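Please read these numbers as outputs of a predicted model, since none were measured by experiment. All values below were derived from every heavy atom in this structure, side-chain atoms included, with hydrogens, water molecules and symmetry-related copies excluded. Protein chains get the first letters and strands the later ones, always in sequence-line order, with residue 1 at the start of each.
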There are 2 protein chains.
Amino acid sequence: MAGQKNKVTIFDVAKASGVSSSAVSYALNNKPGVSEATRAKVLKIARDLGWKPNGAAQSLARSNTSRIGVVLAREETQLLSVEPYMMELLAGLGTELEQHDYSILLRFAVGRDAEMAILKDWIATGNVDALLLVNLEMDDPRVELLKNNPEMPVLALCDPSLSGGLPVMRSLDMQAVTRAVSYLHDLGHERIGRVGGPESFGHSYIRDAAFSDAAAELGVRYRCLHADYTPSGGIEATKRLLSVSPRPTAIIYDNDVMALAGMGIAREMGFDIPGDLSIMAWDDSFMCTAVFPHLTVMGRDIVGSGRRAAQLLLKIIDGEQVDVADEAPYDLRERASTGPVPAETANR
Amino acid sequence: MAGQKNKVTIFDVAKASGVSSSAVSYALNNKPGVSEATRAKVLKIARDLGWKPNGAAQSLARSNTSRIGVVLAREETQLLSVEPYMMELLAGLGTELEQHDYSILLRFAVGRDAEMAILKDWIATGNVDALLLVNLEMDDPRVELLKNNPEMPVLALCDPSLSGGLPVMRSLDMQAVTRAVSYLHDLGHERIGRVGGPESFGHSYIRDAAFSDAAAELGVRYRCLHADYTPSGGIEATKRLLSVSPRPTAIIYDNDVMALAGMGIAREMGFDIPGDLSIMAWDDSFMCTAVFPHLTVMGRDIVGSGRRAAQLLLKIIDGEQVDVADEAPYDLRERASTGPVPAETANR
DNA sequence: TTGTATGCGTTATCAA
DNA sequence: TTGATAACGCATACAA
């Protein structure tokens, strides 16, 4: 019962125009091989008849699909709670693809095995022209799979160290980390805590190293705990960070939800934000300016990254060589949740 | 440069098996017409050769695509800030579709015209087997379009009063509104404010009416302002609601972001939550339990709704009649942001 | 410039 | 039970 009310084919158009189907095809695709007169006539008749190309037939003949594949993997239990990021990325990707008549083919996998099965299916069936790989982990099996199938265009969103040579768009986490740490250091903070995302995630790992380096560079004491992006994870980690003495005077969270939860529990524990404790989050969202005090964040143009990814993918599909591209850099969005360390409370 | 390393076709399988291509097709599709012996042989050889059906060819021959189309419309300026809802819905939809080898074909439109163009394209090209319509507005042109193209299966997520007879899955907003109002009334609240979503949205309108009715029923004073789902919108509306005398003792927000922002500004204004003012939000998210006090919400199983929508769509594709289906009901998730009205502050 | 013929990979019809 | 063969709708090499 599929769609397709429109049973008008190029043969119908050809008959109505008094020319052959190939002439119609040339005319409709703006290719040489027909006179301007017949082209115009064919175009008019095609429009009058309401002709539109059949997608499947076009795909079969051209052997391309005008679709980019994205698999979102959920864990068994719950949604990967990076939704605001993912949605913005998809929006940027989709908006840019729209300019080129490309679509996003989206699938949800429960578990890594299911994700691999989908990717293998796409490689074999040719249901997408290219793949966007997100949320890469260390030694990710997807990298191996796509290196073994070099004919499938792909772009990975991760650090080049994780992609095994696949084309990559990387986020500039390193310099952002340096910026964040020196910002807090400039405010007088000498003990900084961090609540990172799951250790298996590639970007958690990358940030781990960058934070250690930046802190060492500036002589800042740095302690990191890993959590799972959820409120309870953020609360637990915050409690632990604040229970040691001397406690950190600033905490950076890998996402907004944990930052919000951390700020909340810190207040419940009697800390004033930012008087006693400065709070920073990674990645911006509506949430960050909905809460009081507004959260200082390291933000970036995620929608823009999605658009850039689309452009890169189209290039790769075109056969252009892409190795490593950069996202737009992060910028520090200073708001009310961070401030200088008051001398008298610093060692409380 | 499209994918398709696997140039193994059914002809290759046929040759290797020593049978004809049609026999192979029957065998692979579990259809009668071949003996069990040859079926088994063909299946084995197909697997050994790594054969997978070509998607485009299959679509063309079967004239179906195994894809459900979803268009997300963004306004000119910014993302529609219902992202957490949308992402969960897509996750449910996609997870269920996965069981039936269906995918989501996702496109992002900027503006309603672009969205209409995409839908028309899909109807003509047959690039999807069915459509899911979300975020319906009053007198939505999409309804008209799909009524004029009854051969395209469709499910709308809205109140039946908005769908013009198209198959619908409706959310049970009416009873949820009644529940919310009576919950607050039972706590002693006699003046309730509300910050709704944009008036053009169908569900805003539905809730408007339901709130008015429920408030009148219980003799509760009710005042509603409409905002745009953003923090600043929530803040502005909250200020206005609290600036009149006597002020409401409870405010219900149509989304979590506005509730968070409203709670924040109310505190800045000196109100204790929930001592002086009770706050409730519509739809649950991580945000609601990340903030202190945790937000009392009217929640629902959005992922489940997505799954249900998938099941309905597959039914509709199968030619089954679907008129009006219900989402799972909302449930009141009582947390710390709501409480009784202290007599002495009630008229402050 | 135009038309004919064939390929794309499956599914489905119809003889054998 | 089998195996040619014709759709499916479009693109294109080749011949006219």
How about Asp48(A): does its CG atom have over 12 heavy atoms from other parts shown lying under 6.0 Å from it?
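More than 12 within 6.0 Å, yes.
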Using a cut-off of 6.0 Å, state whether more than 12 heavy atoms not belonging to Asn29(B) lie near its atom CG.
yes
On the side chain of Ser22(A), is there an atom forming a donor-acceptor pair with the base of dA5(C) - under 3.5 Å, no angle test?
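No pair found.
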Hey, does Thr38(B) reach any base, or is it just sugar-phosphate, or nothing, if we go heavy atoms under 4.0 Å?
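Counting heavy atoms under 4.0 Å across all strands, the contact made by Thr38(B) is with sugar-phosphate only.
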Nearest whole Å is fine: how far is dG9(C) P from Asn64(B) CG?
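The distance from CG of Asn64(B) to P of dG9(C) comes to 19 Å, rounded to the nearest Å.
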Before accepting this row, confirm whether a basic side-chain N of the pair Arg39(A)/Glu36(A) lies closer than 4.0 Å to the acidic partner's carboxylate O.
yes
Any side-chain N or O of [X] below 4.0 angstrom from OP1/OP2 of [N]?
X        : N       : answer
Gln58(A) : dA11(D) : yes
Ser20(A) : dG3(C)  : yes
Ser35(B) : dT2(D)  : yes

Tell me which residues in residues 23-31 of chain A put a heavy atom below 4.0 Å from DNA chain D, sorted by number, or none.
Ser25(A), Tyr26(A), Asn29(A), Lys31(A)
Any chance you could lay out the salt bridge (Lys or Arg N to Asp or Glu O under 4.0 Å) test for Asp326(B) and Arg170(B), step after step, and finish with the verdict?
CA-CA 5 Å; Asp326(B) 287 339; Arg170(B) 71 172 157 200; 2.6 Å; yes
Only one of Arg107(A), Arg74(A), Lys120(A), Arg142(A) passes side chain to side chain donor-acceptor pair (under 3.5 Å) with Glu115(A); say which it is.
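So the option named by the test is Arg142(A).
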